[in-house]
Amino acid sequence: MKPLIGAGEPAEDAAVFDNAALRSLPGDLAGEAAAVRESLSAVETGDDKRATDLLSTIPRKSPYSQWRMFIRGLIDWYRGDAAKADEAFSRLDQDRRPARIAATLAEAKQGPAAKAPNPGTAFVRSVLIERPALKEARDILLKKEIIPAEIRSDVLIGPERLDALIGFCKTHRQFEPRLVAALGDEVISRLFQMTFVDLYERGIKEIPGPPHDPKHTLRSYFYYEQFQDSDANSDRLLERYLADELPKNQQLSPVIRGAIAAQFHFSRAMEGIATLSQSPFAQIGVDPFGDYTDLEEQITCWLEAATQSFPKFERAHQERAKWIRQFSEDPEMDKDYRAYWAVTLAEAMEEWSEGLPDSIEPRLWLVDYYLENEDLDLAQPHVDWLGKSRHADPRVRATRWKWCLLEAMRLCRRKAWLGQVAEQLDQAEACWPSWLSRTWFGYLRAALALRQGDTEQYQQRRADARAAFDAGAGPDADLADAVMILGAAQRMRVPSADLKPLRGPVDAAAKNASALSSTTLLLAGSFFYDLHRTGLLYPAYRMHGGKFADELLSRIQSTAACKKVLELDAPGWPAICWLSARTMFSETYQLKFPAGLQKAGSKLDPDLTAALELQAILHIPRLYRKPRQLPALVQRVRAAADAQTDPFQRHWFNTLVRDGETTNTGDTAREDSFRKMFGRVVGGGDPDGESDEDDSFYADDVDEDTFDPHCDCDHCTRARERLGIPHPSREDDGNKDVDERTPPTMRFDSADAPFGQSPAPVNLDPNVEPPPPSTPAPRAKFEVDPERRRNRPKNPTKKRKSR
């Protein structure tokens, strides 16, 4: 909201919120207006002392003395000291804006008036009183009641009482519709708590349901879920409600209908993820019955349906992106499958950005994706939007810098464009982020000279870059120097013939990583961490980055060794953050945080260690049960967030706190114990303990594309599907529709329900027929490449080499 200048409003008051009016003031008044603005911002953040100090320079006879008095009263108003606030507000000039604002604030804290309040007062009351009260009431309602096994006498409704209540409802429905609706809801609620199916079915047949479920179909789904062997009936009821009754329900607005459907699709998906997380077989990487890949496909479809039914459902967008990302970044997945999931993730991010235009996360991802694929036209709108945003994420403010840098790299594709590269590099240097090391920039200049064929200038610039980076590191900086010039050369499109001598030192170091000093690994790891957090990884990094990371990880397993590494003169913590960014401290189902880092890091930098451990927990793709240490870690990181001086690290801490608070909980101790037992049998150790076992235990040495045409084993089936060759006995069957869905049962969790626009007026009179159903207008959908749809792999989740 932005206030408007009123007729005859003094320029001094308008300058508090209008930049043009501020520029029109003389110098002394402009300074006082700026102090008032800054003081109001301090009050907003809760820094009352700073707000008061800023006002101390305003003299008593200044036009801004009214604002000084108002802000002092505003501080008391926020603190709940009504007497002091009223005393300050009473001294304000009634013809000035501060007095008008004070009157609105004072009126908002009074009881509800007989007549409708003015819009300003209504807004303040909504923020100050109604929203906290609604939240408190909602929290109370979400508390689960414990129903005893035996049916209480006050709940029991027998056939005679039910007949009497049904007769009462029929008699009085026309005259007391609200009373009858409330009474009917109470009757059905009590029948729901009992296990007499005949009474329940009679009750729902005679008593109309609430506006969102007039035929009690949804309630019946939950009712039959309580009984064994009722999955088919429950699923049939839910499908009928979602596919038929809900779309035709004209008592609800289209937004509410979409929100309800989205909640159920989302709940199905989350229950499916929980099923995978709780399975003792899946947690040790075994799929004995071949069911998990089918469930993974269904989860993908449910999450897509949730985001499309209600585009403003941010939690569904987040979970969908998280779910797809684990496939697109799975190192055990074939290249073609990873490419498919990368495009699918781009579609999901586009839908997220369209549904919630103010969300930063999808726009940042899309800028990186489009610039990486040189789709400048698609990236431009997101870059422009992020450039105008004042979001706290430092990566948002670095968008223009990254655009210039990637544009310089793109121009290196052709020799005719090389003359424009230097200008783009100059622009990138001018807006280089303060939280990012400038070390790599000199190597980019050197790589440009090499791309232009100027060997002498290349040698000089590389020497200058090495001299600026060395800082006494000596030979320990050789690896960092080698990977920086190799990364810069690859990014600047240096020809293969010139790249070959640059690969030699890096390949030699990767082959003999155990001989490298810890300082060498830390210096290189610090550079790799910058590449990770800016999304500028070069192609060759995938070949050797993992080898250096594995070696560094092995050196921080024990407490003594980790302490030696972190106490070196080289920057050790950025390299440790690099390992965390590579998700090396977590697996699909469990945490692998090194015990040595946990003990040594807690003494050297406890806040950063807690943040790294929290990030490792959040990196577990299929985390369902909240670990015991998670609440303490969230509290520790929250307390340390504001103390971080580095803007990127401060935002990273706050992001970890937000994600940690939304992590699901679950009681899976029994399954977890069974998983540990199985892990000791199959893997020879405790899955949660420290282990040096090679991750290739389940690797299949058989050639992936070798198969028997008539064999039905898993390996031959996967090979045929990967090559697009049908089974000889099924050649006439055609391809199975990949979007076919057979949803399992689910449980509705109202705590995750999305909230949208207010519903349309609801007809509460059961005797009044609802208006005839109408076909809602189709929602604009993100266009999907039809060619990619036709070439989609069969069963894209049946992909891993070492299932």
Next on the checklist: Go through it in stages, so that I can follow the logic: the residues are L608 and Q649, the test is side chain to side chain contact (heavy atoms under 4.5 Å, CB included), and I'd like the CA-CA distance, side-chain angles, deciding distance and then a yes or no.
Outcome noted: CA-CA 9 Å; L608 185 53; Q649 194 155 300; 4.3 Å; yes
Item to check | Derivation of the side chain to side chain contact (heavy atoms under 4.5 Å, CB included) call for L246 and L252 | outcome: CA-CA 9 Å; L246 183 61; L252 303 177; 4.2 Å; yes
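The cationic group of R320 does not satisfy the cation-pi geometry with W352, failing either the under 6.0 Å distance to the six-membered ring centre or the 45° limit from the ring axis. Both tests hold for R533 against F648: distance to the six-membered ring centre under 6.0 Å, angle to the ring axis within 45°.
Taking a cutoff of 4.0 Å between a charged side-chain nitrogen and a carboxylate oxygen, R23 and D18 do not qualify as a salt bridge. The pair D48-R79 meets the salt-bridge criterion, since a charged nitrogen lies less than 4.0 angstrom from a carboxylate oxygen. The residues D53 and K49 are annotated as salt-bridged, a charged nitrogen and a carboxylate oxygen being separated by less than 4.0 angstrom.
Donor-acceptor pairing under 3.5 Å is lacking for the side chains of D86 and W77. Under the 3.5 Å distance criterion, with hydrogens and angles disregarded, no donor-acceptor pair is assigned to the side chains of S602 and Q598.
Annotation: the span from W652 atom CH2 to S580 atom OG amounts to 6.0 Å, rounded to 0.5 Å.
E186 CD: more than 12 foreign heavy atoms inside a 6.0 Å radius.
Q308 places no side-chain N or O within 3.5 Å of a backbone atom of A306 that could act as its donor or acceptor partner.
Among R96, R100, R97, the single residue meeting the salt bridge (Lys or Arg N to Asp or Glu O under 4.0 Å) criterion with D13 is R96.
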